[in-house]
Amino acid sequence: MEALHYLCTHKIVTIDSSSLFSVSFEQIGILHNRFKQLSHNEETLLRENFSKIPDLECNPIRSQIIEAFFDRRNFRQNGEGTVEEIGFEEFLVTMSHFRPPTLNMSEHQREGVRRDKLRFLFNMHDTDNDGTITLEEYRHVVEELLSLSEAMEKDTAKSIADAAMLEVASISMGHMEPDEFYEGITFEHFLKLLNGFEIESRMYVRFLNMDTTTLCK
Amino acid sequence: APGSRAVLSLSSSSSGPVSAAGPPLTGFVCVLLLVCVSVASASLDVGNNETRRTAAAETAEDPHHPTNSTGLKKAFPVLALNYDYVRKPFEIALWILLALLMKLGFHIIPRVSNVVPESCLLIGVGLLVGGIIRAIREEAPVLNTELFFLYLLPPIILDAGYFLPIRAFTENMGTILVFAVVGTLWNAFFIGGMIFGVCQIEGAQLAGVDLLSCLLFGTIVSAVDPVAVLAVFEEIHINELLYILVFGESLLNDAVTVVLYHLFEEFSHAGTVTVADAFLGIACFFVVSLGGIMVGAIYGLLGAFTSRFTSHTRVIEPLFVFLYSYMAYLSAEVFHLSGIMSLIACGVTMRPYVEANVSHKSYTTIKYFMKMWSSVSETLIFIFLGVSTVAGPHAWNWTFVILTVVLCLVSRVLGVIGLTYIINKFRIVKLTKKDQFIMAYGGLRGAIAFSLGFLLTDDNEMKSMFLTAIITVIFFTVIVQGMTIRPLVELLAVKRKNESKGSINEEIHTQFLDHLLTGIEDVCGHYGHHHWKDKLNRFNKTYVKRWLIAGERSTEPQLISFYNKMEMKQAMMLVESGSAARPPTHASSVSMQNIQPRESARGRAIPSISKSREQEIRKVLRGHLQNTRQRLRSYSRHDLLVDPFEDHVSEVRFRKQRVEMERRMSHYLTVPANRQETPAVRKVCFEPEHRVYTYDDGESPRGRAAQPRPGPADGVSLVSESPPGLGARGPDQEQEDQLKLSRCLSDPGPNHNKEEEE
């Protein structure tokens, strides 16, 4: 009940009995407990709190994941830039990107969910928020992915990123003159690239079975 | 022996018409040959009797004419006939050859192969042959259990297990297990029980069928068969999820079938089954399945470990894979464990390490031999099924057979619907009604059911009736369901397989997503699916890979191996398309210079994949180009009458191809060739006829063409100017790379260039 109380007192949510009192309530409670645990009972979370999670240390893209939590573009309020600390509301909203798909979604809804999740991924890659993923940013992504393996030649990451970029350019642009320059992957190109990826059925965490549309008013 | 002479004469006379004949005549000749070999094999018993009789006659004669026989000398036989000596291997080879000719014939006739799946056609051929043999009143070879389980089934299962899509399989493991275990149990008990019930109600004819026999029959007929599923599903290309669900179920239900079969067979003699026996049965199930998996895993690890040391004897590498897997199967069968699960476990365990260790040629060999063996096995199984149908003892009972077929369908549908309802509560990606329909419809029975029925001991008086019913069910599912599933799939617009080539972007994002989801789970503090998978991967990387993979490949991250594999594939594709002189259809004109940032274009450092890999790819390309070159040259050397004009043109064409290939190579490989930016000006020089040309290996074409250029009659004068792209990096690179053992280098290929070394 405490979570619900918290949410109500902070005027984050208006109680919509049909959706909020279904399966999701329990999970909000669990997440709230976790929030408290990570923040040591503070109101907000800082980056250091995330860095202290022991399991995250073996993760090669650790820093990007942490940054994603503090990225205002993921707060669904059309903001930009980063923040230094987040409250439970922002934590929950970022987590909501990992909802599992519901059974009876119309094609339109499914498309919306796909764009949503791909937008999250895009934001993770596009660190300078200029709307495109440049070659440098993509190289950085690949380097991070390979960062934990030992004895790797630095150029290998570059070639892989270059090959990937070449592929995107071929798919999106088709034909280019020798002196044209491909600026970077825009969001539309990104969508086209990962069209067959079925991200709405792959990008979810199992127990986050909640509907948070009522949370963001 | 008259039969064998008939074989000889026919084979000699038919070699003429076969080459000129169209497909129908080929088919007719094949059938005729099949008939003759079977007649030959059958009549040899007769033949043997004859020779024995003549031998007896001779020995009887000898005491009568001892002196005469020493005087008379037999003439030296110039040509003798001894069919007995080669009889067995000859027949086996002939059967296999003719079965494969049949298969070939079907694909030449396109109309038929579009409508009817191959398995049906093969059964039809089997029926035909069986009918002919029966008409001659001879003994037909039957699909006996030993032949099937020991020789015909393992290649198919190994092929399926080795190339099993692991990701899809593990993601749906829960669903597959529920369907395999609970589904098969439901089918067996439902069918057995209902048949028993109906038999009790029916007349006195069927009253002799007791409950245990019915349950035994139910077990045999309830298991979904992997061979039939593969044969049919392979042709309809449905999406991966459905394929893995039905196929995975057909593989994993082997454990259940084995346990139930032995349980019921044991106790059908004893008469009753107690509760204690039921508990023992459950325990047996766990032993059988887990034991089978363990045996397979052990052999798989052994195979992986062995492949670590095969860098000096590449030619026998594929054999290790096959032998270890076969041993795993046989060892499991020794203890009555599930051989199929053992084989699957062996293939799955062995594959990632073996593929990292073996050379590219061995990898191709393994792949093609497996496909080849499984294809032959499948063909033989279906043909034998047809032959055995005609040959076998039959006891047709309308009630029983119709009842069996109907019950199989009903229980399958009910089982799928019921289980899906339960499973969907736990699945994220739910199974839709279309999926359920395909799963229910795809539950085909096949040769395993037949062999198990054949295995029933003969004192079971219901055996012939059971066999008839089993065969009818098999025919119904394979023929009716097999034929109609393709139009149904199209009608229902079931999602088809995504024929996407490997994409480096998708691989990057797959890995990225894995790490991201693991990270999110860690942030939530929730130890889910991804967390454990990540832990397993890390364990694999730190401990297992060090032991099982040789050399530097053991620390190579997956992304890099994937990238290297793709580059290799691109190179192979370029080689093949280059020789056909046809540009690949997906060519887009985007190349490296379009994506490199403009400022760094001038002082661009050339990125490289690991040098050994790059060299490997270049050697493949270069080797191929040199093959072409050597082939051309041998023509001009041996055949002095060859028109030098033609010789020159083909040389020039070869040079053009090389330039073209270099250009394309720098498009698709991100490792650009060391060349200038301006496209080469291509000119060709036609020399007059009377000159004979010899070329040196590394000669620059420019020097060649600078020679006299008298006005040729045709007037076209082009000089080929290809920059020495590939060759330039050669000498100093070679020094460095002699130290590095590249996999390609250590392959003793047929052309020994001086760069290739052990």
Side-chain angles (χ1 to χ4, degrees), chain A residues 30-31 34 37-38 50 53 55-56 58-62 65 69 95 98 100-101 103 121 124 135-136 141-142 145-146 149-153 155-156 158-160 162-170 173-178 180-182 193-194 196-197 199 201-208, chain B residues 424 428-430 432 498 500 503-513 515-531 534 538 541 552 555-557 559-560 563 566-567 586 588-598 605 607-610 667-671 677:
Chain A
I30 296 176
L31 283 175
R34 180 67 178 168
Q37 189 186 21
L38 286 177
F50 280 99
I53 304 176
D55 295 313
L56 266 189
C58 327
N59 201 318
I61 55 171
R62 175 183 66 241
I65 297 178
F69 275 94
M95 287 300 226
F98 295 93
L103 177 58
L121 279 186
M124 280 183 87
L135 187 60
E136 279 306 317
V141 170
V142 176
L145 266 183
L146 296 173
S149 54
E150 329 140 1
M152 193 208 59
E153 292 173 7
D155 292 334
T156 317
K158 262 206 223 151
S159 343
I160 295 180
D162 291 344
M165 203 65 168
L166 196 57
E167 202 180 75
V168 179
S170 313
M173 305 289 279
H175 174 80
M176 283 179 82
E177 298 302 317
E180 272 185 72
F181 180 61
Y182 183 63
L193 178 72
L194 292 181
F197 204 55
I199 194 146
S201 348
R202 288 170 77 162
M203 183 166 149
Y204 64 89
V205 176
R206 195 164 273 266
F207 78 114
L208 278 181
Chain B
N424 269 346
I428 299 293
V429 179
K430 317 269 183 209
T432 64
N498 220 356
S500 61
S503 153
I504 187 88
N505 275 296
E506 290 200 357
E507 181 68 20
I508 290 179
H509 281 99
T510 307
Q511 294 214 4
F512 190 81
L513 202 59
H515 289 298
L516 175 63
L517 292 174
T518 312
I520 296 290
E521 281 188 0
D522 292 333
V523 167
C524 293
H526 170 72
Y527 282 178
H529 195 59
H530 293 276
H531 180 88
D534 189 59
R538 268 187 284 135
K541 199 161 77 156
E552 59 178 25
T555 49
E556 193 178 65
L559 190 57
I560 295 185
Y563 175 64
M566 273 199 60
E567 293 281 296
H586 61 276
S588 79
S589 62
V590 180
S591 71
M592 282 306 295
Q593 58 203 68
N594 291 115
I595 64 174
Q596 297 281 2
R598 251 180 251 108
S608 61
I609 24 179
S610 81
H667 266 197
Y668 295 106
L669 297 184
T670 59
V671 197
E677 294 296 285

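Residue numbering restarts at 1 for every chain, and letters A, B, ... go by the order of the sequence lines.
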Run through A:I160, A:L166, A:V142 and flag the one making a side-chain contact (heavy atoms from CB on, under 4.5 Å) with B:I504.
A:I160
Mind listing the closest non-hydrogen atom pair of B:N505 and A:A164 along with its distance?
ND2-O, 3.1 Å
Spacing of CG belonging to A:L145 relative to CZ belonging to B:F512, to within rounding of 0.5 Å:
6.5 Å
Measure the CD-CZ distance between B:E521 and A:F98 for me, rounded to the nearest 0.5 Å.
10.5 Å
Heavy-atom contact with chain B under 4.5 Å, split by part of A:V168
both
Using every non-hydrogen atom in the two residues, find where A:L31 and B:C524 come nearest and quote the distance to one decimal.
CD2-SG, 4.1 Å
Closest-packed option against chain B by number of heavy-atom pairs under 4.5 Å, given A:V141, A:L193, A:L121
A:L193
Report which part of A:R62 has an atom under 4.5 Å of a heavy atom belonging to chain B: side chain, backbone, both, or neither.
neither
Do side-chain atoms of A:N59 reach the backbone of B:H515 as a donor and acceptor pair under 3.5 angstrom?
yes
One pair to check against side chain to side chain contact (heavy atoms under 4.5 Å, CB included): B:L516 and A:M124. What are the steps and the verdict?
CA-CA 10 Å; B:L516 175 63; A:M124 280 183 87; 3.7 Å; yes
For the CD atom of A:E167 and the CD atom of B:E506, what is their distance to the nearest 0.5 Å?
8.0 Å
Region of A:F50 in contact with chain B, defined by heavy-atom distances below 4.5 Å:
side chain
Could you tell me which portion of A:L38 (side chain, backbone, both or neither) has an atom closer than 4.5 angstrom to a non-hydrogen atom of chain B?
side chain
Contact summary for A:M95 and B:I520, nearest pair of heavy atoms
SD-CG2, 4.0 Å
Closest heavy-atom contact between B:V523 and A:L56?
CG2-CD1, 4.1 Å
